[in-house]
Amino acid sequence: MVSRRFAIDPDVLDAFRVANRAVGRALCQRLKIERPQWKAFQLAFVLLNLPGMVDPTDPNRETVDLLFFPTGGGKTEAYLGLAAFAMVMRRLRNTGEGDDRAPASAS
């Protein structure tokens with residue numbers, strides 16, 4: 001359950017907050033929206049995908065979701081929100097110190 005994940009793992013909550021701020025700032029700059037808000041399907045898409053992104057044992061981790069809405073419906077923001085979350089989680093979890101995972105950096 002997503003709300004339990006936020007309560008148990010502070011990295012998940014931090015990553016979600018940072019991703020929200022990042023997408024919000026991008027919308028403010030790109031579309032000149034003063035107070036951007038998630039559409040219900042965007043938030044649902046992001047929240048439904050979080051468990052599989054943070055838990056390697058999640059049974060839905062191998063599932064691929066297709067998000068279909070007509071042009072201008074907000075798909076890009078939903079995918080960018082999920083991508084931002086993934087990038088922040090990678091930065092928080094992969095310190096590059098003593099583990100064999102790739103450090104989170106842009107090359």
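To the nearest 0.5 angstrom, Glu77 atom CD is 7.0 Å from Lys39 atom NZ. With rounding to the nearest 0.5 angstrom, the CD atom of Gln37 is 11.0 Å from the CD atom of Gln42.
Residues Val88 and Phe16 have side chains not in contact (no heavy-atom distance under 4.5 Å, counting atoms from C-beta outward). Contact annotation: the side chain of Met89 never approaches that of Asp14 to less than 4.5 Å [non-hydrogen atoms, C-beta and beyond].
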Applying side-chain contact (heavy atoms from CB on, under 4.5 Å) to Asn49 and Phe85, what does each step give before you reach the verdict? CA-CA 10 Å; Asn49 282 284; Phe85 175 83; over 6 Å; no
Please evaluate residues Lys32 and Leu27 with respect to the criterion side-chain contact (heavy atoms from CB on, under 4.5 Å), reporting the C-alpha separation (whole Å), side-chain torsions for both, the decisive distance (0.1 Å), and the verdict. CA-CA 7 Å; Lys32 308 296 185 225; Leu27 289 174; over 6 Å; no
Test log, rule side-chain contact (heavy atoms from CB on, under 4.5 Å), inputs Asn60 and Leu48: CA-CA 10 Å; Asn60 294 314; Leu48 285 171; over 6 Å; no
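The side chain to side chain contact (heavy atoms under 4.5 Å, CB included) check on Leu80 picks up Thr76, with sequence neighbours excluded. Residues satisfying the side chain to side chain contact (heavy atoms under 4.5 Å, CB included) criterion with Ala22, sequence neighbours excluded, are absent altogether. Taking Asn20 as the reference, Trp38 meet the side chain to side chain donor-acceptor pair (under 3.5 Å) condition, with sequence neighbours excluded. Taking Asp11 as the reference, Arg93 meet the salt bridge (charged side-chain N to carboxylate O under 4.0 Å, His left out) condition, with sequence neighbours excluded. Evaluation of the salt bridge (charged side-chain N to carboxylate O under 4.0 Å, His left out) rule for Arg35 yields no partner, not counting sequence neighbours. Under the side chain to side chain donor-acceptor pair (under 3.5 Å) criterion, Thr57 pairs with Asp55, not counting sequence neighbours.
For the pair Gly24 and Pro36, the tightest heavy-atom approach, listed with the atom from each and the gap, is O-CG, 3.5 Å. Residues Asp58 and Pro51 come closest through the heavy atom pair OD1-CB, 3.7 Å. Considering every non-hydrogen atom in both Arg61 and Val54, the closest pair reads NH1-N, 4.5 Å. Contact record, Phe45 with Ala78: CD2-CB, 4.0 Å, taken as the closest heavy-atom pair.
The list of salt bridge (Lys or Arg N to Asp or Glu O under 4.0 Å) pairs with a residue in residues 15-28, not counting sequence neighbours, is empty.
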